[in-house]
Peer 1: 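Have a look at this one.
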Protein chains: 2
Amino acid sequence: MNPKRLDLKTVPSKEPRRNTRIQQRNRELITEAALEVFSLYGFRGSTLDQIAERSGLSKPNLLYYFKNKEEIHRLLIDRLLETWLDPLKEISADGEPVEEIRKYINRKLELARDYPRESRLFANEMLQGAPRIQEELHELKVLVDEKVVLIRDWIKAGKLADLDPYHLFFSIWATTQHYADFDAQVQAVLEEGSARDKRFETAAQFLDKLFTGGLAP
Amino acid sequence: MNPKRLDLKTVPSKEPRRNTRIQQRNRELITEAALEVFSLYGFRGSTLDQIAERSGLSKPNLLYYFKNKEEIHRLLIDRLLETWLDPLKEISADGEPVEEIRKYINRKLELARDYPRESRLFANEMLQGAPRIQEELHELKVLVDEKVVLIRDWIKAGKLADLDPYHLFFSIWATTQHYADFDAQVQAVLEEGSARDKRFETAAQFLDKLFTGGLAP
DNA sequence: AAATTTTTTGACCACTTGGTAAATTCCACG
DNA sequence: CGTGGAATTTACCAAGTGGTCAAAAAATTT
């Protein structure tokens with residue numbers, strides 16, 4: 001009843017232009033700042049004011065680009081998981097087993113070196129019991145299950161030591177991400193003014209030895 | 001000028017009695033609740049109201065027992081570090097090298113199993129860059145340095161594989177604490193209704209194999 | 001039981017927090 | 001140029017925050 005007259009000229013089409021240069025730049029500024037803050041303090045411990053300050057934008061302006069705090073966090077988490085799952089997908093049934101695992105370890109360690117904030121963001125989420133990413137964890141499980149089958153085959157073929165594949169993944173994740181998540185501790189214990197890159201170099205060599213020893217059939 | 005008359009009976013001595021039964025019970029209630037909350041949300045993300053509710057005491061009553069939020073946190077951190085350092089101290093120069101390390105790994109894993117909240121409290125602190133525990137980290141470093149010397153001796157004597165001792169510790173900490181800190185992920189990936197104890201059982205066997213393989217000279 | 005001390009509460013406060021609304025400024029395009 | 005939408009700011013709000021204080025209620029001592 002009494003529908004508003006649909007004026008063909010004014011009502012339709014012209015959605016606000018998305019992805020102007022300004023949009024892109026500011027969304028980038030915001031996510032960059034948010035990553036910094038969220039990765040340190042977790043979702044609850046971070047405030048829009050902190051993100052606003054770090055990004056150089058005002059708080060209301062932040063909320064012009066994102067509906068609310070949670071939406072910013074969501075975007076970061078979603079991005080992160082893509083990056084995180086990639087190396088796992090690349091484990092190939094065609095490669096040499098020990099070599100494939102070693103390559104996986106190396107890729108994961110590179111991620112920890114190059115994206116420590118993403119690693120900490122993930123860690124924060126886990127510590128809180130992963131309330132916001134149950135769905136994504138299921139996706140991870142599916143992928144892991146697939147690779148577990150592959151590894152079991154390798155073990156059966158005598159090409160890998162008989163290690164529980166699930167816990168093998170856990171230990172790889174733990175050791176590599178440790179260098180990002182517990183950087184404060186690693187630095188405090190090593191202390192020598194040794195450069196970050198150098199530390200990761202040594203870590204790579206160590207992990208290689210440790211896992212090669214454990215993996216060889 | 002005009003000092004209040006010092007009545008010898010009323011003014012002196014009688015400090016308020018500490019450690020009444022009520023004091024003990026309530027301080028325990030508070031630290032218990034605080035551990036629960038802080039281990040989930042970190043210092044910034046936790047609120048006195050949450051702790052008050054979980055402990056069953058009112059917020060002003062909380063602050064009757066502790067000066068402020070930070071003091072509660074401090075107490076938890078201090079307690080935790082004692083427990084955490086203990087197993088490291090027990091690594092003995094008199095034991096069989098590989099066996100000593102294996103025992104250390106087992107003890108650490110037991111801690112992760114029995115005190116997951118403490119582990120997460122520590123992890124939260126690390127993620128934030130360990131602002132409140134620089135001092136304690138130094139204490140840790142001193143202890144680690146001592147054990148590093150011991151391990152280097154063992155390596156020189158051909159009783160251990162030639163692995164960087166610092167990174168050996170890192171990998172042990174990482175793998176064991178992972179089961180407490182990333183429990184949400186471990187559960188999601190394993191999923192089988194497998195009981196917690198069973199998981200730790202499997203983890204213990206896995207870590208034993210992995211490190212034995214890597215450590216043998 | 002009275003006096004004293006310990007414990008608990010209720011009312012409050014200043015500041016922070018996530019978020020909104022309207023007004024204003026900026027900017028591309030005809 | 002001016003005009004319409006995009007971007008930004010200003011002013012604001014309700015709820016949450018860490019923390020205080022004086023008074024009431026319990027316990028304890030005398």
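All figures in this text were calculated on a predicted structure; none of them were measured in a lab. Lettering of chains follows the sequences in order, A, B, ..., and the numbering in each one begins at 1.
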Peer 1: Grab the CD1-C1' distance between I51(B) and dG18(D) for me, whole Å please.
Peer 2: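 These atoms are roughly 11 Å apart.
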Peer 1: Report the distance from atom CD of E53(A) to atom P of dT16(C), rounded to the nearest whole Å.
Peer 2: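 Spelled out: CD on E53(A) to P on dT16(C) is 12 Å.
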Peer 1: Can a cation-pi geometry be assigned to R27(B) and F66(B), taking NZ or CZ under 6.0 Å from the six-membered ring centre and within 45° of the ring axis?
Peer 2: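 Yes; both conditions hold, so R27(B) lies above the ring face of F66(B).
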Peer 1: Can you list the steps and then say if L140(B) with W84(B) is a side-chain contact (heavy atoms from CB on, under 4.5 Å)?
Peer 2: CA-CA 10 Å; L140(B) 169 67; W84(B) 237 232; over 6 Å; no
Peer 1: Can you tell me how far C1' of dT20(D) sits from NZ of K67(B), to the nearest Å?
Peer 2: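 It works out to 15 Å between those atoms.
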Peer 1: Give the B/S/- string for nucleotides 8-13 of chain C, one per nucleotide from 5' to 3', where a protein heavy atom under 4.0 Å of the base yields B, of only the sugar-phosphate yields S, and otherwise -.
Peer 2: BBB---
Peer 1: What is the distance, to the nearest angstrom, from the CD atom on Q23(A) to the P atom on dA28(C)?
Peer 2: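 Interatomic distance, CD of Q23(A) to P of dA28(C): 13 Å.
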Peer 1: Knowing that exactly one of E118(B), R132(B), E125(B) qualifies, which makes a side-chain contact (heavy atoms from CB on, under 4.5 Å) with I77(B)?
Peer 2: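 Filter result, single survivor: E125(B).
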Peer 1: For K108(A), which of L207(A), T176(A), T175(A), L88(A) qualifies under side-chain contact (heavy atoms from CB on, under 4.5 Å)?
Peer 2: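 Option passing the side-chain contact (heavy atoms from CB on, under 4.5 Å) with K108(A): T176(A).
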Peer 1: Roughly, in whole Å, what's the span from CG in L48(A) to C1' in dT17(D)?
Peer 2: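 About 16 Å, once rounded to whole Å.
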Peer 1: Taking CZ from R21(A) and P from dA6(D), how many angstroms apart are they, rounded to a whole number?
Peer 2: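 Rounded to the whole Å, the gap is 15 Å.
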Peer 1: Nearest-Å distance, CG (L63(A)) to C1' (dT17(C))?
Peer 2: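 Distance check: L63(A) CG to dT17(C) C1' gives 11 Å.
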Peer 1: Compare all side-chain heavy atoms of F38(A) with those of T31(A) and state whether any distance is below 4.5 angstrom.
Peer 2: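 No, every pair of side-chain atoms sits at 4.5 Å or beyond.
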Peer 1: Quick one: is dT17(D) close enough that its OP1 or OP2 comes under 4.0 Å of any side-chain N or O from R44(A)?
Peer 2: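 True: R44(A) side-chain N/O within range (under 4.0 Å) of dT17(D) OP1/OP2.
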Peer 1: Please state how far atom NE2 in H73(A) lies from atom C1' in dG18(C), giving the value in whole angstrom units.
Peer 2: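 Going from NE2 in H73(A) over to C1' in dG18(C) covers 16 Å.
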Peer 1: Any chance you could lay out the salt bridge (Lys or Arg N to Asp or Glu O under 4.0 Å) test for K103(A) and E100(A), step after step, and finish with the verdict?
Peer 2: CA-CA 5 Å; K103(A) 263 159 57 190; E100(A) 284 295 313; 3.4 Å; yes
